[in-house]
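Some notes on the structure that comes next.
Computed from a prediction, not measured in an experiment: that's the story for all the values here. Read the numbers this way: they start at 1 and go in the same order the structure lists the ligands and their atoms. Each residue takes its place number in the sequence, starting with 1.
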Amino acid sequence: MSLPPILAIETSCDDTAAAVWADGRLASSVVAGQRIHEQFGGVVPEHASRAHERLIVPTIQAALDEAALTIADLGAVAVTVGPGLAGSLLVGLSAAKGIAVGAGIPLIGVNHLEGHVYSVMIEAPRPPLPFLCLTVSGGHTLLTLVKEGFVHEELGRTRDDAAGEAFDKVAKLLGLPYPGGPPIDRLAAEGDPAFLDLPSPRLGPKGRRGNALFDLSFSGIKTAVRYWIADLGDETDAVLDAHRADVAASFQQTVVDALVTGVRQAVEETGVQAVAVVGGVSANRGLRAAMTEAGQADGFEVFIPDPAHSVDNAAMIAVTAATKWAAGEVSDLSIGATPSLAL
Ligand code: KG4
Ligand code: ZN
């Protein structure tokens with residue numbers, strides 16, 4: 001028996017998103033990006049919450065229209081409760097509570113990171129449980145073992161910047177726009193990955209330092225790029241113009257190698273043969289290709305969501321909520337935004 005339709009709302013950072021899950025599949029997914037942050041080279045929290053306030057009702061309406069449904073057709077409303085920016089989360093949470101109270105339907109709070117993890121469940125093929133999940137986004141980089149019953153066992157994480165943050169910071173050093181992942185991805189396809197020898201972000205066993213299975217640090221690679229550029233002196237503009245793609249390719253290759261090597265090792269040590277790669281950085285073409293190749297070489301199966309579901313969206317919140325609702329999990333109307341919620 002399939003559940004009545006669920007409307008999901010996601011406003012944790014700088015994308016205002018709504019989606020509808022109905023009849024066991026995604027019926028609609030709308031993401032309204034916020035261009036305002038480009039001019040600041042990063043997300044300005046105050047601007048983000050104001051933009052969410054402007055965009056939330058039209059975005060929800062667009063998702064309902066695309067699914068050819070009205071609020072009266074909904075069985076539940078789901079919303080991201082954290083982690084994220086407090087003011088941004090509150091806009092989505094208030095909208096969801098208003099709908100829950102007005103329509104007299106249950107509210108389902110969803111952890112944004114859990115949403116990323118279950119983004120691999122939006123479309124077939126879906127991984128079997130348990131699976132290893134590499135979450136690489138703008139705010140988080142961690143490897144978990146995902147088990148039945150929403151159990152997430154952490155195997156390691158970054159000690160400083162997230163992978164997406166490293167892409168954004170290196171892009172800024174190269175004079176590329178925010179967010180930096182997509183332009184680095186595009187440039188890297190044309191550059192020489194052997195141009196610069198950069199320090200690996202890997203710290204774990206068989207890495208350079210550290211002791212957890214999947215310990216990473218992205219501060220060294222970012223600093224190495226910064227110093228390389230600083231040393232160019234008067235030549236900076238000319239060298240960057242000639243080699244921007246080569247630096248992008250070198251950086252991307254080093255990050256991808258570290259992530260892939262860590263995952264291969266985790267597969268070997270846990271014996272788990274299904275690997276999901278989720279979060280904004282999983283939209284990266286280099287990472288998608290390298291992870292798929294590693295899976296073919298080592299015999300594990302790789303599951304990566306459609307690029308539209310790698311970056312922030314509400315479809316992932318909808319599918320997570322559907323699974324929770326099916327398991328009888330609903331939230332109290334008094335739930336609040338939890339900006340620092342862990343997985
Ligand atoms: O998951 P996401 O949309 O938001 C967070 O939860 O953080 O991830 C955003 C991050 C940004 O740092 C962005 O630069 C990165 O994902 N990103 C990419 C690509 N597309 C987005 N990084 C590398 N290659 C891409 N194609
Ligand atoms: Zn995210």
Side-chain angles (χ1 to χ4, degrees), residues 8-17 19 29 31-34 37-38 41-43 45 48 79-85 88-89 92 110-120 122 133-142 157-158 160-174 176-189 191 201 218 221-222 245 248-249 251-256 258-260 276-291 304-317 319-320 339-343:
I9 298 169
E10 151 64 44
T11 61
S12 66
C13 191
D14 60 340
D15 291 299
T16 313
S29 179
V31 180
Q34 302 178 358
H37 307 289
E38 284 170 18
V43 179
V79 64
T80 304
V81 294
L85 302 168
S88 291
L89 289 165
V110 174
N111 179 321
H112 179 81
L113 289 172
E114 214 167 22
H116 273 304
V117 169
Y118 294 103
S119 63
V120 281
I122 297 171
C133 186
L134 173 65
T135 305
V136 269
S137 71
H140 297 84
T141 293
L142 71 165
R157 64 169 62 220
T158 176
D160 40 50
D161 291 351
E165 215 175 339
F167 271 88
D168 295 339
K169 288 178 177 172
V170 167
K172 199 168 184 174
L173 292 171
L174 293 176
L176 297 168
Y178 174 85
I184 289 197
D185 190 352
R186 271 194 302 278
L187 275 180
F218 289 94
I221 186 166
K222 178 194 65 190
F251 164 76
Q252 181 171 298
Q253 183 74 56
T254 308
V255 171
V256 166
L259 296 174
V260 171
V277 189
V278 302
V281 180
S282 72
N284 185 272
R285 287 175 297 166
L287 179 59
R288 295 173 87 91
M291 206 61 89
I304 312 178
D306 182 275
H309 299 143
S310 288
V311 291
D312 284 353
N313 66 87
M316 67 188 198
I317 304 303
V319 71
T320 309
S340 59
L341 193 62
L343 184 62

- Message: Quick check on the Zn ion (ligand 2): does H140 put an N/O/S atom closer than 2.8 Å to it?
- Response: no

Purely on distance, is any nitrogen or oxygen of [X] under 3.5 Å from one on ligand 1?
X    : answer
G138 : yes
R285 : no
D185 : yes
G164 : yes
G181 : yes

- Task: Could you tell me whether a side-chain N or O of D312 sits under 3.5 Å from a main-chain N or O of G280, the two making a donor and an acceptor?
- Result: no

- Hey, is the main chain of V311 close enough, under 3.5 Å, to the side chain of N313 for a donor-acceptor pair? yes

Which protein non-hydrogen atom lies closest to [atom], naming both residue and atom, and how far is it?
atom                    : value
atom 11 (C) of ligand 1 : D168 OD2, 3.6 Å
atom 21 (C) of ligand 1 : G280 O, 3.4 Å
atom 2 (P) of ligand 1  : D312 OD1, 3.3 Å
atom 24 (N) of ligand 1 : N284 ND2, 3.0 Å

If I compare all heavy atoms of [X] with all of [Y], which pair ends up nearest, and what's the gap?
X    : Y    : answer
I184 : F167 : CD1-O, 3.5 Å
S137 : A162 : O-CB, 3.5 Å
D185 : G286 : OD1-N, 4.3 Å
V278 : C133 : CG2-SG, 3.7 Å
R288 : S282 : NH1-O, 2.7 Å
I317 : G115 : CD1-CA, 4.2 Å

For ligand 1, which atoms have a heavy atom of [X] less than 4.0 angstrom away?
X    : result
V281 : 16 (O), 18 (C), 22 (N)
G139 : 7 (O)
V311 : 3 (O), 21 (C)

- Mind checking whether H112 contacts ligand 1 via backbone (N, CA, C, O), side chain (CB onward), both or neither, at a 4.0 Å heavy-atom cut-off? side chain

Could you tell me whether ligand 1 has any atom less than 4.0 Å away from a heavy atom of [X]?
X    : result
H116 : yes
Q252 : no
P182 : yes

- Query: Should V136 and L287 count as side-chain neighbours, where that means a heavy-atom distance under 4.5 Å?
  - Reply: yes

- Message: Any heavy-atom pair between the side chains of L187 and L176 that's under 4.5 Å?
- Response: yes

- Determine which of the N, O or S atoms in H116 is closest to the Zn ion (ligand 2) and give its atom name. NE2

- Check D312 and report its N/O/S atom nearest to the Zn ion (ligand 2), by atom name. OD1

- Item | Donor-acceptor side-chain pairing of H112 and S12 below 3.5 angstrom | yes

- Item | Residue pair Y178, D14: steps toward the side-chain contact (heavy atoms from CB on, under 4.5 Å) verdict | CA-CA 12 Å; Y178 174 85; D14 60 340; 4.1 Å; yes

